[in-house]
Amino acid sequence: MQRRLRLRRTVDFDQLRRGGQRWHHPMILLIAGENDLEHSRFGFAASRGFGNATARNRMKRILREIVRSRLSLIEDGWDCLFVARRAANGANFAEVEVAVNQLMKRSNLLKSRSDMRVPEVVK
RNA sequence: CAAGCUGGCCGUGUGGUCGCGGCCUGGUUCGCCAGGUCGAGGAAAGUCCGCACUCCACAAAGCACGGUGCCGGCUAACGGCCGGGCGGGGUAACCCGACGGAAAGUGCAACAGAGAGGUGUAUUGCCGGCUGGAGCUAUGGCUCUUGGCCGGUGAGGGUGAAACGGUGGUGUAAGAGACCACCAGCAGCGGCAGAGAUGCCGCUGGCUCGGCAAACCCCACCGGGAGCAAGGUCAAGCAGAGUGGAUGAUAUGCUGGGUCGUUUGAUUGUGUGAAAACACAGUCGUAACGCUCUGGUAAACUCAUCGGGGUUGCUCGCCCCGACUGACACUCGGGUAGAUCGCGUGAGCGAAUCAGCAAUGGUUCGCCUAGAUAGAUGACCACUGCCCGUGUCUAACACGGGUACAGAAUGCGGCUUACAGGCCAGCUUGAUCU
RNA sequence: GCGGGUGUAGUUCAGUGGUAGAACGUCUCCUUGCCAAGGAGAAGGUCGUGAGUUCGAAUCUCAUCGCCCGCU
């Protein structure tokens, strides 16, 4: 995933955690909020409690790859933060993919081809 | 063949599609794009030691505190490594050891036991003496005693983790290093071998003088503190200071000079005084601090608001003055976010060769090998390597499953811990065959 | 990256070389018509794990694992 599509500043993360809308899944927590850019940006996080360094890095790589593969389907102008939860430790690519799909649908962040309705997110 | 010991090594590979980071080249609408090339480990881990590097502190020495602890060597250094000594374990290959000092001093040893540190103890026991009782008797005594008192003794039994040497003898009422021989151990002196730890030998001594220092401690040696989020450079924003017509003045920052005052040292004079000394005044020196004086230097003729004044009676406009007002612009020093350097040519890797038992070092040749910063190695597919299970008598083969521990963040030397599965070399013991 | 603390009964904690303890909780009995309170008694421990020192270790030493906190 290109670096300009990534969340890279501590300030951005803090803002998102304070003001973002949240969707929960046993494996993953999704936090999203509007930005002023014409593209969306994504961040990936796994706390020390998730597992050791290898497990944390691997989970972030899997999430990054899943999001990258469906970039064209996601609405522009949103900051999204995916937080890996403890239950996801040990999960393989396919299992995580299912979880991400569910969250995407529930959050209405996917572009719909027929109507261009705006996702319902608290401002 | 089986069991084991030691040292070293590997820890899937190939191709395809999509994707990521660094560097180089070219293009660029300066957003990026294209091509090339490189891109995790043996432990990258834990952070237990040691260095380099950076900043801070610092006369020397000592004390305190912490660490290390047989000897010699290697090393940048180490608590690491190599070789050796001693002790312990194993049939052996081999392995393990915080392995200085207990006659420098202070301490500790529960319970049990008679007695637990120095020279002390006596329950049972053994022995002797006196005496009580019983029996026999040839009347002299003899025998028994699980009675009492006094004395000798520490060999035996028993307690304990540990009890002041072991074996044999002499000796004695019974015994004891009381004495003797041999052995073990200790101390002192000497000799030989060795670089040393240490080993071997001899003589003398008292005859035995124990354990714990991962108890305090003593001795020897080592150690300043903090860490790459160290530290350097650039520097939005916010806050601060200054400037905003000219000149002059003032203020501020930086900087140079002078003077004065205070503190302090030297010295002269005068006064008081017997003197020491004190007081006052002057001169010279010394820095530190403070104040004052002075020079240099730095910076937009901005706008708005409010108040006052002027312009022609009013409004607008214009002009002037003022403000604990605000904005804006600029300047200044410090500096946050951020950027950038630190940051990978190094105690580097590979090969050959020389010195050395070895750790290691020297020489020659070749190689350049990650550098991110919410942190780059991922996803999918095909074939394949290895291991396990099932099917089959075995093999081949088929099917199913598994393929670890773990992810660089300043670098390096060690130690420790985790790890599916496997390879190589040398050695030991046992069994069998030739 | 660096520094510090902690681990003992179900819970909260004592114990700093010599038999593992207290409070609360649990269980049994007494008391009561019943419950609570009260009284009596009992059970409950790999002293986080593994080595070592010592005659003897929760305690001393080393290694290791988990948890918590702080600095930047």
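Within every chain, numbering begins at 1; the chains are lettered A, B, ... in the order of the sequence lines, protein sequences first and strands thereafter.
When the P atom is compared between B:G344 and B:G333, the two are found 32 Å apart, to the nearest whole Å. Distance check on atom P: C:C2 versus B:C108 gives 44 Å, rounded to whole Å. Rounded to the nearest Å, the gap between the C1' atom of B:U297 and that of B:C301 is 22 Å. With C1' as the reference atom, B:G421 and B:G391 are 25 Å apart, rounded to whole Å. Rounded to a whole angstrom, the distance from the C1' atom of B:G42 to that of B:G8 is 14 Å. As rounded to the nearest Å, B:C303 and B:G245 have P atoms that lie 10 Å from one another. Spacing of C1' atoms, C:A51 relative to B:G97, comes out at 14 Å, to the nearest Å. Comparing the C1' positions of B:C380 and B:A235 gives an interatomic distance of 47 Å, to the nearest angstrom.
Atom pair A:F93:CZ and B:C381:C1' shows a separation of 13 Å (rounding to whole Å applied). Summarising the geometry, the separation between CZ on A:R68 and P on B:G21 is reported as 12 Å, rounded to the nearest angstrom. Protein atom CD of A:E97 is 14 Å distant from nucleotide atom C1' of B:C18, rounded to whole Å. Taking atom CZ of A:R4 as the reference point, atom P of B:C30 lies 15 Å away to the nearest angstrom. Remark: P of B:A379 and CD of A:E65 are 8 Å apart, rounded to the nearest angstrom. Across the protein-nucleic acid pair, A:R58 atom CZ and B:C405 atom P stand 12 Å apart, rounded to whole Å. A:M59 places its CE atom 14 Å from the C1' atom of B:A379, with the value rounded to the nearest Å. B:C18 atom P lies 20 Å from atom CD1 of A:I66, rounded to whole Å.
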Side chain to side chain contact (heavy atoms under 4.5 Å, CB included) between A:L7 and A:F13, worked out
CA-CA 7 Å; A:L7 282 173; A:F13 278 85; 3.7 Å; yes

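For A:N52 and B:G407, the shortest distance from a side-chain N or O to OP1 or OP2 is below 4.0 Å. Distances shown here put every side-chain N or O of A:R56 at or beyond 4.0 Å from the OP1 or OP2 atom of B:G407. Put simply, A:R61 has a side-chain N or O that comes within less than 4.0 Å of OP1 or OP2 on B:U377.
A salt bridge links A:E97 with A:R70: the distance from a Lys NZ or Arg NE/NH1/NH2 to an Asp or Glu carboxylate oxygen falls below 4.0 Å.
When the nucleotides B:A376, B:C18, B:A408 are ranked by their closest atom to the side chain of A:R64, B:A376 comes out on top. With distances taken from any side-chain atom of A:N57 to the nucleotides B:A379, B:G19, B:G407, the minimum falls on B:G407. With distances taken from any side-chain atom of A:T54 to the nucleotides B:A406, B:A379, B:A374, the minimum falls on B:A406. Of the listed nucleotides (B:G378, B:C33, B:G407), B:C33 has the atom at the smallest distance from the side chain of A:Q2. Which of B:A408, B:A374, B:C18 sits closest to the side chain of A:A45 comes down to B:A374.
Of the possible polar contacts, one joining the A:S40 side chain to the A:G77 backbone as a donor-acceptor pair under 3.5 Å is found. Remark: side-chain polar atoms of A:R56 are paired, donor with acceptor, to backbone N or O of A:G51 under 3.5 angstrom. A donor-acceptor pair is defined here as one N or O able to donate and one able to accept, closer than 3.5 Å; such a pair exists between the side chain of A:R85 and the backbone of A:H25. Between the side chain of A:R106 and the backbone N or O of A:H24, at least one donor-acceptor pair lies under 3.5 Å. Checking side-chain atoms of A:E95 against main-chain N and O of A:N92 turns up a donor-acceptor pair under 3.5 Å.
Pairing of B:G333, defined by two Watson-Crick or G-U wobble distances under 3.5 Å, is not identified with any nucleotide. Under the Watson-Crick or G-U wobble criterion, with both distances below 3.5 Å, B:A92 has no partner in any strand shown. Under the Watson-Crick and G-U wobble criteria, each requiring two contacts below 3.5 Å, nucleotide B:C343 is left unpaired. Judged by Watson-Crick or G-U wobble contacts below 3.5 Å, the nucleotide B:G248 has no partner. Searching all strands for a Watson-Crick or G-U wobble partner of B:U403 with both distances below 3.5 Å returns B:G385. Under the Watson-Crick and G-U wobble criteria, each requiring two contacts below 3.5 Å, nucleotide B:U17 is paired to B:A379. With a cut-off of 3.5 Å on both pairing distances, the Watson-Crick or G-U wobble partner of B:A288 is B:U262. If you check B:C192 for Watson-Crick or wobble pairing at under 3.5 angstrom, you find it paired to B:G199.
A syn orientation is assigned to B:G177, its glycosidic angle lying within 90° of 0. An anti orientation is assigned to B:G97, its glycosidic angle lying beyond 90° of 0. Glycosidic conformation at B:G140 (O4'-C1'-N9-C4 for purines, O4'-C1'-N1-C2 for pyrimidines): syn, within 90° of 0. A glycosidic torsion no more than 90° from 0 defines the syn conformation; B:G371 lies beyond that range and is anti. Base orientation of B:A236: anti (glycosidic angle beyond 90° from 0).
Nearest heavy-atom pair, A:I66 versus A:S69, reported as atom, atom and distance to 0.1 Å: O-OG, 2.7 Å.
Residues A:L63 and A:F93 share a single hydrophobic cluster, defined by chaining ILVMFWY side chains whose heavy atoms lie under 4.5 Å apart. Under the 4.5 Å side-chain heavy-atom criterion for ILVMFWY residues, a single connected hydrophobic cluster contains both A:F50 and A:F44.
With the 3.5 Å cutoff on both pairing distances, Watson-Crick and G-U pairs in RNA chain C assemble into runs of at least 3 at C:1-7 with C:65-71, C:10-13 with C:21-24, C:26-30 with C:38-42, C:48-52 with C:60-64.
Distance check, rounded to the nearest 0.5 Å: CD of A:E34 to CG of A:D76 gives 12.0 Å.
Using a 4.0 Å heavy-atom cutoff across all strands shown, A:F13 reaches at least one base atom of the nucleic acid.
Nearest-nucleotide assignment on RNA chain B puts the 5′-proximal partner with A:A94, out of A:A94 and A:A55.
Lacking a ring centre under 5.5 Å from that of the base six-membered ring together with a plane angle below 30°, A:F44 does not count as stacked on B:A374.
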